[in-house]
Amino acid sequence: MSKEHTEKRIVYSPEGDPIEVNPLQDYFCEDLPEVHKASSIAILENFRNWARSRSLWVLGFGTGCGAIEMRPLMTPKFDAYRYGIQWRPTPRQADVFVVSGYLSVKTLKRVIRTYEQMQGPKYVMALGSCTINGGMYWDSYNTINRLDYYLPVDVYVAGCMPRPEALLAGFDQLKKIIREGRGEGYNKYAEEFAWYKANQKKIIKDWDMPDYNW
Amino acid sequence: MKEIIDRLQELYPIGDFKQQNKSLALITVDKDKAVDFITRLKNEEGFLHLSIITAVDWLEKNKFQLSYLINNPTTKNSFVVRVMIDRENAEMFSIHHLWEQAATYQRELKEMFGIDFPGSPGVDKPFILEGWHEIPPYRRDFDTKNYSEETYFPREGRTKNVPAEYMKQKLYPDE
Amino acid sequence: MVDPIYIVAVLLGISFSLGFIGKKSENIAGILSLLALGFTTLVSAQWFYNFVTADIETYHIFTTAFKPPFSINLMMGKEEALFTMMINAIGLFGGLYMFDRLKAAGKNSFIALLMLIMGLNVVVMTRDLFNLFVFLEISSIAVAGLIVLTQNTKSISAGFKFMIATGIISGLLLLGIAFIYNYAGSLNIDHILTQNLEAAKGLSIAIFFLMIAIVLEMKPFPANGWGLDVYSSAESGVSSLLSSAYATATVFVLMKLLPFAPENLQFLIAAIGIITFVFSNLMGMRQDNPNRMLGYSSISQIGLLAAVIGISSVIGEYTYFIVISILISHFLAKSGLFWIAGIVKQESIKNWSVLRSNKLLLVLFGVFIFALTGLPPFPGFFGKWELVMHLAETKNFIWIFAVLIGSFFEVVYMFRWLGYAVKNDIIIETKLKAKIHQIIPLLLFAAAAFGAGYYVSSEHPYASLINYLPLAVALGFAFIEFLPVFIKNTLAIAAMAAYFYFNYESYNELQVIFAAIFIIGGILTLIAGYAYKGKRQGFYPFALMMFAGLIGLVEATTTLEFFFAWELMTIGSYFLILRGKKSIKHALSYILFSIGGAYLILAGFGLAAIGKPDISIGILSNIELYAPWIFGLLAIGFMTKTASIGLHIWLPGAHAEAEADVSPMVSAILLKAGVFGLIMLFLAMGEQFIGNISFAYILSWVGVITALMGNMMAAFQEDAKRLLAYSSIGALGYVLFGLSLMSHLGWLTAISFSVTHFMFKALLFLAIGGVVWRLKTKDMYKMGGLIKKMPFSFISVLIGIIVLAGVPPLTGFAGKWLFFQAVVEKQWFLQGAVLFFSGIIAFLYCFRLIHSIFLGQPKDEHRNVKEAPFWILVPQYAILMVIMLFSMLPNSLLKPIGDMLMPYFPDGAITWDGQMATTALGYWNGKTVMFIVVGVFAIVFGWLVFMNRNAKKVKQFNIGYAAERPFLPETTHYAFNFFAPYKKAIGFLVAPGITNFWHRVDEGAHSVSDKFTKIYNGNAQSYLIHIVAFILVIYLISFGGF
Amino acid sequence: MDPLIKQILFALLTIFIVLNYGLIVQGIVRKIGARVGRRYGIPFYQPYIDIIKNYSKRTRISHGIMYYIAPVFRLTGGIGLLLFIPVIFGNNMFQNFSFSGDLLLILYFQFFGVLGMALGAAESGHPNSAIGVSRGLSQVTAYELPLTLGVLSLAVQYNTLNVSEIVAAQQGGILNWSFFTNPLASIALLLAFLAAMGRSPFDVVLAPQEIPIGPPTEFHSGFLGVLQLNRAIFPIAKLILFMNLLFGGATNWGELIIKTFFIYMWSVFVGVAFPRFRVDQSVRWYLGVPLIIGVAAVVVSKFF
């Protein structure tokens, strides 16, 4: 979008005093993410992980061509609901971010923002070769090659494109990971935040958002 | 098609006429006369529709070729009007006053090839790319593979195979 | 005592001696003349004083040795003393006012002034017809001389027209006198009256000529174009002489000669007078030039007096009282206004904003306008009251209508003028400077207006009961305007608190409830006044005047006291409303609706008093005649104040534009005056029927539609205070409905809701007022996210809207619960359902109010705003505590009201068991509801805090925004046209039909007025034709030609 | 035992039963929907897992104090509503706290949670929340009119506003139910009930695809968990109210579950069959046929 909205500007209070507005600082929380330890009570954490694995709310955000493969999951033929998988329209309420296919730099920016707005524990599932190594867009000037340099990926589903069965298998894998307590991708993101941010900032040249989008 | 060109030959220096097929012809016009010519095609010959404006990078000739594909919806004939412009400080007259949508194509050309269209609305605004600071990516002197490797962390160990042979080997290793 | 002949002698002597004074010594001439006039004023004043105090005998002066009818004689009675005093006073002070103007014109102008006054003195005192004619001639020539003081074409042509017209009049007069002499053989009035006039054939023609001449002198409509030209082109001082002195004398002549006229001619004169009154005022509405407007007003007032004198045989002994009180008001006010117009010198009333540069003149201007329009405490008020009472007593209803409609027209243009002066935007740089000799007469006349008001009321049998103490306190504040706000506010609060403390024991329960709303509510809103800095001039006198009126309403024992208080409250609140921004239009519509309503009330009281020995409020409860009419008139009158649908258009603007602490005063408190009136009316008169339909049934629908429309319009407002104003309309619809139920529960609902409405509306208006104070805008969509900046105001608004919406557990639910029980009991289901529906619509605007202002996205401009001023918060939190108390213990509010209603509605009361209320239909326990809700809330809250203890605080744009980010708070705050889909569905219901209706009425009145004004084309010939045609028509009417 | 403490314990028991019933019935309804669509569908206990999952979330953010306590308002509204309704007829203990107010308290207390929630949603600063609230409130005004008329008609019929007495009057056979004795009022009430349940065709308030689920769009983790609890309790409370008004109440829990389940099915079936209304459409619809039926109900019960 146009740049003037992110630059500093002066507004005037009702009394006519000037107020300087610095959009990035003033509108957005600037804090960085923290690591959240799992509960030390094993049985409690196991129970929670069971619930997490049985209730995967997926964010309805199709980034690339793979989005078309996600829709059949909800049809009678595949019926992902029976595994506790359902779509949510807002990142605040979603647990799983399915990155469905190639990511241009422009889309990556939105993906990062949305991922950061989700509440932890949160999981990333990457679809197709494009997210693994760039796929057929490996030498494009505008498409990323490896998603795991920008976001902590929990599960990759290979293929170009993977079919819904593969996706279901991916979800199954994700469940296993969560159940075993290894679904801590978001903590990894917080731990290695500087590295992720550096990678992100390397390709997103006009960085016009706070470092972490709460 | 030929008749039109014959008629207009006297008024405009038209070179390289080539009838591609029954309803499509390619012609080349000088940069200075191009807008005039297109205007005439639109106003008097019934070529009311602008299908696309695109560009070709003739790196070796140090030229850009702009192609205007215009169409006459009654006769269903189309012309590709080709204009060669210099590659250095590439600049072309805008035709957004003939077709409003031309401005969008021109904006794209500016971003992707660096061809300027002074006066075209919003031509300097970014079109698809956000924060692009390199040379325009569709120019042939921009090495996209190199750029990608330098920028996007290529995955080590990625190999290339010919798909047919690879699959044959994979599925029928004995043969 | 000085012989009155010296009045004539001194004036004549001085004016002759002025001829001997050297040409250069105008100063001496002027001072001599003023001294002479001062002397004559003193003489007549002394006579008047003695007549009043000592009740001495009428004094006769015989000019020769012969007794009348063989000589000319003068008479000095009480009336003569009063009239000559007025004439001499206007001569003295008018001369003083015009002193430098007259001096510049030369000493002859002083002679003209003295001759005029002398002539008028004799006209008043003489008992001889021919003498009357001679001195009338002398006066009119002197007037003509004064008119041409201003040497320009307009005034010279006006003087010429005046001479022509008075020439014709003199001719007629002389003709009449000659005929009378022929038939009666005498010129002495008393002597002629002793003869049997009927017997003398042909005498009727003579008397017709005599009377028509006098009537023409009074400039009857439409034969008065010449008079208007004189008023609009002559010097203001001269106009004042003409209007006050000359017209006063003419009125006296009419009174003197009236016994000549047979009954039918008297009525004809009265009819001419009333037509003149109505039409002159109608045309006055169209005027832009102040002098011409005052001319119309003068003519109309004299017309009214002619009408009163004409029907004196009907009115009886009170004619004198009415004439004098109206005349004195007119006399003082009109001279004052003419003089001020002379100082201001603006051709258009729109430019009178220049008056603001001189505060003293502005105050005087206001006093004179009020005196002129017959508002209390000026004498005209009592005159109008008595007039209407007597017209009603004799069942002259058309006359009442004419008097009131004419007065209303006058109010329209006078208050428009006042509004322009106080508030118009046109800024003229010049600073008005009045010379001291111009100010003194003005001050004295203004003081005299008050004095006369007091005198007249002391003469009146019931007016003397009026409690002037609150009004006096309010006016007293006018003298301490130089003090800072803090002191004045403290004094005002102390005064009101003391008044309540010393008086509340004498009230009955109903009075206590309303006195509490009025006084304690008033004190609460006054506390917010501490937030103001500086002097806040012009606030306290009017605020206290309003409260004085409200107290008067509660205390009133007679209809006159009630009406007096009603008008007083209207005046005070008018000025409070006028103080707001962009208020000029709204204040005008407020005063028009209020005065229109007041006139209906007056008419209602008039009808009620028919055949009753006194005018105590109690007469309303045993009315035999016209009961539905009285009920209707009074109910509509009160409903203008409660802003019922159709009569509501004044309210939104008036309340929305007012200041932060005035809005709650007028919205939460003042509206209850109408409720009090309705309660009084219902209690006294019970149910009334038109045919088979009960008035209460009609009013219930009026209330329902008011509630629905008020709430619905509130939902579509963008302006926060306008929203609350419309909400008040809706709430008052509830009250009206409750009252119309005519049952215990209905009244309990209405009265308790009145109290609750006072609390939450004061709370909301104060809180929003505080927000507007800081943000300097009233548009809600320009606000947003203020909860973090103004948490205290937020809590106020939150509690306020919960009470407003009637959601349990707060006290607002009591109203809804009671109301539902009452509806089911009465079985008015359709009304009940619509009212419930409108209650739900209240949710819409409640949410909008709190969301658009306090929630959502904060705006950049408001980052540094502070919490509302401390003193605006104080009353809010006082109210909040009371709300919480009533919510916890509902019977502390409802039980006393229920007990109070027991004598009136013994059936269907609520049974109380602790806090448990039970009716025939249902039950409700406010206390347990409160405990359960608070308990559950606390537990759930504890659970949530336990779960979410480490929630991260984020900033305003940290929202999931479809992977994008918001850019500006303005485009992210969803507040403008908030209920767009709702408007699409049922917005057609709130099309501004009623506003358009009133606009059309306004336009219609003005265009009619325009049509009539066209007959005055400024041409002397056509004026002549008017006069001749007028005489002809009157002749034909009186002699049966038609 | 102190009667008050006993009463509180029974109230907790009621809440517990209703909460579980609400969650299970939610799961079953979704399962039925799936089976109608020839899917296998979720396990019936899925709502439990979702709630536990939401409480297991480790991070949460807050937009401000009103945002923070909005779910509290909402759940208090739901629980309070339940506690003010006499649940089981003839059982003193399961009358809960219905002694503190009659039908009117119940009708008005519905809005307690709604308004609190609306305030919290508004404080999140999300325009979609505000749009959702605007739609929700508009729709509420529309369906309240037939609802009120229906209630008034019943109040006339039974000459009381006491819910227990209304239930008592319906005892003694199916034909004594208001549904049969006052069919017009019942139709008006059941039509209003559709929007009160917020299912299709009156679910434009949430509209997931358009204004991502409207008012609660910013709520998550524990906040959402509390809202989900309310979503289990609040509809059941409303169902119990309608059961009491129209279908003779219940004398034991089994009867209650059967009756409320079938009433719930009414809104489910309508929801499956009809697509979504826009707000102005639903407002106009409610001011049409249901309003006329409501007026007719009142007129009939007043004059016959």
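Letters go in sequence order (proteins before strands), and every chain restarts at 1.
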Whatever's closer than 4.5 Å to a heavy atom in chain C on L119(D) counts as both
Counting heavy-atom pairs under 4.5 angstrom with chain C, the leader among I65(D), T160(D), L115(D), L152(D) is L152(D)
When every non-hydrogen atom of R74(D) is compared with those of G113(D), the smallest separation belongs to CD-O, 3.6 Å
Comparing I69(D), L107(D), V298(D), L145(D) against chain C, the one with the most heavy-atom pairs below 4.5 Å turns out to be L145(D)
Heaviest contributor of heavy-atom pairs below 4.5 Å to chain D, chosen from I841(C), I850(C), N950(C), is N950(C)
Between the CZ atom in F760(C) and the CG atom in L810(C), the distance rounded to the nearest 0.5 Å is 12.0 Å
If you tally heavy-atom pairs under 4.5 Å between each of F112(D), Y67(D), Y158(D) and chain C, the highest tally belongs to F112(D)
Comparing L944(C), V933(C), T928(C) against chain D, the one with the most heavy-atom pairs below 4.5 Å turns out to be L944(C)
Between Q110(D) and F234(D) the two heavy atoms that sit nearest each other are O-CZ, 4.0 Å
Applying a strict 4.5 Å limit to non-hydrogen atoms, the region of L798(C) in contact with chain D is side chain
Of F837(C), W924(C), F931(C), F794(C), the largest count of non-hydrogen pairs under 4.5 angstrom with chain D goes to F837(C)
Ranking A11(D), S134(D), S221(D), G64(D) by heavy-atom pairs under 4.5 Å to chain C gives rank one to S134(D)
The interface call for F813(C) against chain D, heavy-atom contacts under 4.5 Å, is side chain
Minimum side-chain heavy-atom gap L103(D)-N162(D) below 4.5 Å: no
The interface call for R58(D) against chain C, heavy-atom contacts under 4.5 Å, is backbone
Working for ring pair (Phe, Tyr, Trp, His ring centres under 6.0 Å), residues W828(C) and Y697(C)
CA-CA 9 Å; W828(C) 280 356; Y697(C) 186 74; 5.4 Å; yes
Rounded to the nearest 0.5 angstrom, the CG-CZ distance for L81(D) and F84(D) is 8.5 Å
Whatever's closer than 4.5 Å to a heavy atom in chain C on E218(D) counts as side chain
Honestly, the part of L287(D) sitting under 4.5 Å from a heavy atom of chain C is side chain
Smallest heavy-atom separation, I959(C) atom then S124(D) atom, equals CG2-O, 3.4 Å
| said: Treating N54(D) as the side-chain partner and I51(D) as the backbone partner, does any N or O pair qualify as donor plus acceptor under 3.5 Å? | reply: no
* Asked: Should we count NZ of K927(C) as having more than 12 external heavy atoms under 6.0 Å?
  -> no
With chain D, the option among K983(C), K788(C), K816(C), E825(C) that has the most non-hydrogen atom pairs under 4.5 Å is K816(C)
> Looking at F967(C), is R965(C) sitting on its ring face, NZ or CZ under 6.0 Å from the six-membered ring centre and within 45 degrees of the normal?
Replying inline: yes
Taking every heavy atom of F979(C) against every heavy atom of S138(D), the minimum-distance pair comes out as CD2-OG, 3.7 Å
Per-residue tally against chain D (heavy atom, under 4.5 Å) across P809(C), P969(C), G856(C), A715(C) peaks at G856(C)
Checked I131(D), T141(D), I61(D) vs chain C; the most non-hydrogen pairs under 4.5 Å come from T141(D)
Residue from V279(D), V156(D), L149(D) scoring the most non-hydrogen pairs under 4.5 Å with chain C is V156(D)
If you tally heavy-atom pairs under 4.5 Å between each of V824(C), T972(C), V834(C), I801(C) and chain D, the highest tally belongs to T972(C)
